[in-house]
Amino acid sequence: QVQLVESGGGLAQPGGFLRLSCAASGFTFSNYAMSWYRQAPGKERELVAAVTSTGRSSNYADSVRGRFTISRDNAKNTVSLQMTNLKPEDTAVYYCSAWGLPDWGQGTQVTVSS
């Protein structure tokens, strides 16, 4: 079955950085675009970034463009999210997702606070 395991979250100071990783299994990873979503307390889950199946193209929410970078390694079945210049409003649980599949991982908590 599809498994998505996120890791790398934690506590960061404003202006700091974190790198999230997602290990995928149970499907042909290289055939799917991948994305990162986040959900803050009391808010709906929102799309943060997406990358095509080849990794050649990516897109970002306006709120993170220029600060976050999504990348993937099709040889290792992983997708990453490099987050820099973190802001308190980036605080959320972050999830990875395979485009078109209904499955979600457990998420990883990111907290940005001084």
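Sequence positions, counted from 1, serve as the residue numbers for this chain.
Closest approach of Ser113 and Pro14 over heavy atoms only: C-CD, 3.6 Å. Scanning all heavy atoms of the two residues, the minimum distance from Val79 to Trp36 falls at O-CZ2, 3.6 Å. For Ala61 against Leu47, the heavy-atom pair with the smallest separation is CB-O, 3.5 Å. Heavy-atom minimum distance, Leu86 versus Ala12: CD1-CB, 3.7 Å. Across Ile70 and Ser35, no two heavy atoms sit closer than the pair CD1-CA, 4.3 Å.
Under the ring-ring contact (aromatic ring centres under 6.0 Å, His included) criterion, Tyr32 pairs with Phe27, not counting sequence neighbours. Residues that satisfy the side-chain hydrogen bond (donor to acceptor under 3.5 Å, both in side chains) test with Gln82, not counting sequence neighbours, are Arg19. With sequence neighbours left out, Arg45 forms a salt bridge (charged side-chain N to carboxylate O under 4.0 Å, His left out) with no residue at all. Partners of Asn74 by side-chain hydrogen bond (donor to acceptor under 3.5 Å, both in side chains), not counting sequence neighbours, listed by chain and number: Arg72. Asn31 is linked by a side-chain hydrogen bond (donor to acceptor under 3.5 Å, both in side chains) to nothing, counting only residues two or more places apart in sequence or in another chain. Under the rule for a side-chain hydrogen bond (donor to acceptor under 3.5 Å, both in side chains), the partners of Ser63 that lie at least two apart in sequence or sit in another chain are Arg38. Contacts of Phe29 classified as ring-ring contact (aromatic ring centres under 6.0 Å, His included), with partners at least two apart in sequence or in another chain: none.
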Check: residues 105-112 side-chain donor-acceptor pairs under 3.5 Å, at least two apart:
unit_1	atom_1	unit_2	atom_2	d
Gln106	NE2	Glu6	O	3.0
Thr108	OG1	Gly9	N	3.0
Gln109	NE2	Ala92	O	3.4
Gln109	NE2	Thr111	OG1	3.4

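Without hydrogens or angle criteria, Thr52 side chain to Ser57 main chain gives a donor-acceptor distance under 3.5 Å. Put simply, the side chain of Thr28 never gets that close to the backbone of Ser30: no donor and acceptor are under 3.5 Å apart. With hydrogens and angles disregarded, a donor-acceptor distance shorter than 3.5 Å links the side chain of Thr84 to the backbone of Arg67.
Under the 4.5 Å side-chain heavy-atom criterion for grouping Ile, Leu, Val, Met, Phe, Trp and Tyr, Val51 is connected to Leu4 within one hydrophobic cluster. Hydrophobic clustering of Ile, Leu, Val, Met, Phe, Trp and Tyr side chains at less than 4.5 Å, counting indirect connections, unites Leu101 with Tyr94.
Residue pairs meeting the ring pair (Phe, Tyr, Trp, His ring centres under 6.0 Å) criterion with at least one partner in residues 37-68, sequence neighbours excluded, are Tyr37-Trp104. Listed by first and then second residue, the disulfide (SG to SG under 2.5 Å) pairs involving residues 47-89 amount to none (not counting sequence neighbours). Sorted by first and then second residue, the disulfide (SG to SG under 2.5 Å) pairs with a member in residues 56-114 read Cys22-Cys96; sequence neighbours excluded. Judged as a disulfide (SG to SG under 2.5 Å), not a single pair has a partner in residues 55-94 (not counting sequence neighbours).
Residues Gln39 and Tyr95 form a side-chain contact, since some pair of their non-hydrogen atoms from C-beta on lies under 4.5 Å apart.
Under 4.0 Å is where a charged nitrogen must lie from a carboxylate oxygen, and between Asp90 and Lys87 no such pair does.
A distance of 11.5 Å separates OG in Ser53 from CE in Met34, rounded to the nearest 0.5 Å.
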